[in-house]
> 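Handing you a structure now.
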Amino acid sequence: MTNADGTFRRAVLFAACFLFATGGALEAAPLREVIRGAQPKIVKIQGAGGYRGLEAYQSGFLFSADGYILTVMSYVLDTDYITVTLDNGRKFEEAKLVASDPRLELAVLKIDGSELPHFDLAAATTADSGTRVLAFSNMFGVAVGDEEASVLHGVVSVVTKLNARRGAFATPYDGPAYIVDAMTNNPGAAGGALVDYRGNLLGMLGKELRHTQSNIWLNFAIPTSELRETAEAIRTGKYVRRAPEERVAKPDQPQTLDLLGIVLVPDVLERTPPFIDAVVPGSSAAMSDVRPDDQILFINNRITQSCAAVRNELDFIHRVDPVKATLLRGQELIEVTLRAPLRSSTSAAAAEKTP
């Protein structure tokens, strides 16, 4: 750690302590109890990053006693070596990424544990403008062992639709958000928990977003009500991702990437993200304005986290049926409907007879 890093971290800790003290002056005993109650539910996450200015850490929080963790989906999780550190310093060096939903920018991790302190998503509440809140996170990666997460005291300034700011604050998420009067938008803070003064979970701290013209950072959290259903669906194995053992008959003539005019990047890893490498001119993909570098997130609302998953989903769709694809282009979500070219019965029969 450089001297600059050390100075910066000490400054962050001082700020956290100051904010804690400020809150304590307002409601000393209750706030102290709320913070003590929430800290064991917060986790520190370390994964990919560490070069070109990309931090290799972020925050998360437990939402089940057996080790399910809700956090933000980001490049930090784009590795097979995700480490989760609990409040007491216990480390899990092989945390599993169970699933993610890019539309909500959430991910669910799993560690092996039992009787772990956690937030109950079903008991989470909502907040209005003026609600005083506490934001828990491992901002700036200050905590690496049993150090406590940083705590910021703030106020919900407004509850608004985040898509009103799309373009200036680019993000795929376009639902309601708590805009918070607290500086939660810091490296490593994404995925942290926002709670009220009674310790009730309100939401998850969002990614770092900055206005493209004014360079103003946006401090926000996604309400738990927006995350609960998907997080629980992932936890209980009911998410839209197709299970390997799912028994559904495949058509004898399924859709293929060739029929749709899509060429994916080389599939070199077990979980190679399904980025589009090229689009065949004149194909359905070309006519639907599918572009190279788009990432295929969903096929017919089934999540596709790899090139193999895309091909697998197409195997379940007959070639005469349309294919609904959800793409991520930069920070924008795009939905297109693709169709394979129709062939006459004569040409189809001839093609099938061709060795």
> Please write out which residues are connected to Leu338 in a hydrophobic cluster, directly or through intermediates, given that two of Ile, Leu, Val, Met, Phe, Trp, Tyr count as joined at side-chain heavy-atom separations below 4.5 angstrom.
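In the cluster with Leu338 are Leu257, Leu260, Ile262, Leu264, Ile276, Val279, Val290, Ile296, Ile299, Val310, Leu314, Ile317, Val323, Leu327, Ile334, Val336.
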
> Between Arg291 and Asp289, is there a salt bridge with N-O shorter than 4.0 Å?
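Here Asp289 pairs with Arg291 in a salt bridge, since their nearest N and O are under 4.0 Å apart.
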
> Which residue, Ile111, Thr71, Leu62, forms the side chain to side chain contact (heavy atoms under 4.5 Å, CB included) with Val84?
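Answer after filtering Ile111, Thr71, Leu62: Ile111.
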
> List the residues meeting side-chain hydrogen bond (donor to acceptor under 3.5 Å, both in side chains) with Asn200, not counting sequence neighbours, and say none if there are none.
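Residues passing side-chain hydrogen bond (donor to acceptor under 3.5 Å, both in side chains) with Asn200: Asp196.
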
> Test: salt bridge (charged side-chain N to carboxylate O under 4.0 Å, His left out). Region: residues 69-79. Which pairs qualify, not counting sequence neighbours?
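Sorted result for residues 69-79: empty, none.
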
> Listed by chain and number, what are the side-chain hydrogen bond (donor to acceptor under 3.5 Å, both in side chains) partners of Asp87, not counting sequence neighbours?
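For Asp87 there are no side-chain hydrogen bond (donor to acceptor under 3.5 Å, both in side chains) partners, ignoring immediate neighbours.
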
> With sequence neighbours excluded, tell me which residues meet side chain to side chain contact (heavy atoms under 4.5 Å, CB included) with Ala127.
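Side chain to side chain contact (heavy atoms under 4.5 Å, CB included) list for Ala127, sorted by chain: Thr131, Val156, Tyr178, Leu202.
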
> If a pair satisfies salt bridge (charged side-chain N to carboxylate O under 4.0 Å, His left out) and one of its residues is in residues 109-130, list it, with sequence neighbours excluded.
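As it turns out, there is no salt bridge (charged side-chain N to carboxylate O under 4.0 Å, His left out) pair with a partner in residues 109-130 once direct neighbours are skipped.
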
> Can you list the residues that meet the side chain to side chain contact (heavy atoms under 4.5 Å, CB included) rule with Ala65, with sequence neighbours excluded?
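Once residues adjacent in sequence are excluded, the partners of Ala65 under the side chain to side chain contact (heavy atoms under 4.5 Å, CB included) criterion are His118.
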
> How would you list, by chain and number, every residue that makes a ring pair (Phe, Tyr, Trp, His ring centres under 6.0 Å) with Phe61, sequence neighbours excluded?
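Testing Phe61 for ring pair (Phe, Tyr, Trp, His ring centres under 6.0 Å), a comparison that skips the adjacent residues, returns Phe119.
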
> Mind checking what makes side chain to side chain contact (heavy atoms under 4.5 Å, CB included) contact with Thr79, not counting sequence neighbours?
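Here the qualifying residues are Ala48, Tyr81, Ile82.
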
> Who passes side-chain hydrogen bond (donor to acceptor under 3.5 Å, both in side chains) against Ser64, sequence neighbours left out?
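Counting only residues at least two positions away or on another chain, Ser64 forms a side-chain hydrogen bond (donor to acceptor under 3.5 Å, both in side chains) with Asp66.
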
> Restricting to side chain to side chain contact (heavy atoms under 4.5 Å, CB included), what partner residues turn up for Asp293, sequence neighbours left out?
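In terms of side chain to side chain contact (heavy atoms under 4.5 Å, CB included), with neighbours along the sequence ignored, Asp293 is linked to no residue.
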
> Taking distance alone, no hydrogens or angles, what donor-acceptor pairs closer than 3.5 Å link side-chain atoms of residues 89-98 to residues at least two apart or in another chain?
from: Lys91; atom 1: NZ; to: Thr85; atom 2: OG1; distance (Å): 3.1
from: Lys91; atom 1: NZ; to: Val144; atom 2: O; distance (Å): 2.9

